[in-house]
Engineer: 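The structure follows.
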Amino acid sequence: MQTLTSVDALRRAVNKARKAGKTIGFVPTMGNLHEGHLQLLRRAKHLTDCVVVSIFVNPLQFGANEDLDAYPRTLASDKEKLFAEGANFLFAPSVDEMYPEGMQPQTRVSVPRITDTLCGAVRPGHFTGVATVVSKLFNMVQPDVAVFGEKDFQQLMVIRKMVSDLCMPIDVVSVATVRETDGLAMSSRNNFLSSKERRVAPRLHRILQDYREAIANGFDDYQHLEKHALEDLLLTGFQPDYVSIRDAETLDPITPDTEAIVILAAARLGRTRLIDNVTLTLNPSADWGMLATN
Ligand code: PAF
């Protein structure tokens, strides 16, 4: 595995692979790699001949009072994991390499509407930061396939819309959320949890599963369910940002045409913000390849 830190070196390396007839897979990350990331890499390896993984903690997607400085940076151990899994290239640029003129004059990619809600409403500017850095990375790597996790469900939808709206010739592939044995969705932010919080954290997934079961059993007063799920989270010790039951295809409220439902939640435990989601297919004959009901 070759580690590259400049856009020029990355372009040269990827062009060489492409000229040799190889297809290019890409897994963008912010590092502190765990099994969830490694599954994205494995999927990219399965689908393409040459895989680039990027590690870049993107300041543009963090709000002023968020955890940019505290975000875990573990490049040495990340490199070992990527090498062991057979990644071809690691792209690990500096902030200056990604934003040579600084953050302020950077052209932004803003995906409308879908970013106004849920995490976009709680973290203004977050998804513009994500869409901007991902589109820059896409232009640098020019992958055939890019792989993202379904844990960041709204992010995945934002990327898919950006790729579609801007006619980017990239196949966006998603991988189901990888969980610890007690159900907690794997996340770099889990490292921030105290041991007491770590014991409580899996309840987020369990509460979502309970409400998915209620819907599967025919309960369709979604506002009532959202209100009770929020109360359950509060009683369990979370400070919820939201629990929301949406159409999994549009992220809009459920309509009679909805074929698949996603229940999304974001909640804080102490200083750690966790997100999770579960999905449910209402019409089992519909093709919901993207959605694993995990
Ligand atoms: O999901 C992440 O780790 C980040 O949002 C991403 C896609 C790497 C962009 O910085």
Side-chain angles (χ1 to χ4, degrees), residues 4 7 10 25-41 43-44 51-63 66-75 78 81-82 87 89-99 103 106-111 114-115 118-120 122-141 143 145-163 166 168 170-178 185-192 264 266 272-277 290:
L4 308 160
V7 179
L10 171 74
F26 179 44
V27 181
T29 82
M30 298 207 297
N32 193 235
L33 303 180
H34 50 66
E35 183 57 27
H37 296 111
L38 300 183
Q39 294 220 8
L40 305 183
L41 167 56
R43 179 67 64 86
V51 176
V52 181
V53 178
S54 66
I55 294 183
F56 178 63
V57 183
N58 173 34
L60 206 60
Q61 69 188 73
F62 286 79
E66 295 185 348
D67 55 357
L68 173 63
D69 292 338
Y71 200 87
R73 287 152 170 95
T74 52
L75 191 59
D78 289 348
K81 289 176 190 166
L82 294 176
F89 298 112
L90 163 62
F91 180 49
S94 64
V95 174
D96 283 349
E97 184 68 13
M98 289 298 287
Y99 300 111
M103 233 76 69
Q106 169 66 50
T107 300
R108 320 248 160 164
V109 178
S110 155
V111 178
I114 194 179
T115 57
L118 305 168
C119 283
V122 181
R123 304 181 68 188
H126 168 67
F127 286 120
T128 295
V130 170
T132 300
V133 80
V134 171
S135 62
K136 283 177 73 111
L137 290 164
F138 280 178
N139 283 331
M140 292 167 185
V141 178
V145 174
V147 187
F148 292 83
E150 288 173 12
K151 182 176 85 72
D152 297 291
F153 193 91
Q154 190 178 9
Q155 169 173 282
L156 174 63
M157 295 193 73
V158 169
I159 303 294
R160 284 192 194 282
K161 179 154 169 55
M162 175 185 84
V163 164
L166 299 183
M168 295 175 167
I170 299 170
D171 188 9
V172 175
V173 170
S174 72
V175 172
T177 304
V178 181
M186 286 193 187
S187 163
S188 302
R189 290 194 167 92
N190 293 350
N191 293 330
F192 296 144
L264 310 107
T272 312
R273 185 172 186 272
L274 302 175
I275 60 170
D276 204 345
N277 67 81
M290 168 189 143

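Order of appearance sets the numbers: ligands from 1, and atoms from 1 within every ligand. The model shown is predicted, which means the values in this text are computed figures rather than measured ones.
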Engineer: What is the closest protein heavy atom to atom 3 (O) of ligand 1, and at what distance does it sit?
Structural biologist: M30 CG, 3.6 Å

Engineer: Just by distance, do the side chain of K136 and the backbone of M98 share a donor-acceptor pair under 3.5 Å?
Structural biologist: yes

Engineer: Tell me: protein heavy atom nearest atom 10 (O) of ligand 1, and distance?
Structural biologist: Q61 OE1, 2.6 Å

Engineer: For atom 2 (C) of ligand 1, what is the nearest protein heavy atom, given as residue, atom name and distance?
Structural biologist: Q155 NE2, 3.9 Å

Engineer: Examine the side chains of N58 and Y99 and answer whether a donor and an acceptor come within less than 3.5 Å of each other.
Structural biologist: yes

Engineer: Examine N58 against ligand 1 and note whether any of their N/O atoms are separated by less than 3.5 Å.
Structural biologist: no

Engineer: Select one of side chain, backbone, both or neither to describe which atoms of T29 lie under 4.0 Å from any atom of ligand 1, heavy atoms only.
Structural biologist: backbone

Engineer: Ignoring hydrogens and angles, tell me if any N or O in the side chain of K161 forms a donor-acceptor pair with the backbone of V111 under 3.5 Å.
Structural biologist: no

Engineer: Who passes ring pair (Phe, Tyr, Trp, His ring centres under 6.0 Å) against H126, sequence neighbours left out?
Structural biologist: none

Engineer: Please identify which atoms of ligand 1 are closer than 4.0 Å to at least one heavy atom of V133.
Structural biologist: 9 (C), 10 (O)

Engineer: From L60 CG over to T128 OG1, what is the distance, rounded to the nearest 0.5 angstrom?
Structural biologist: 8.5 Å

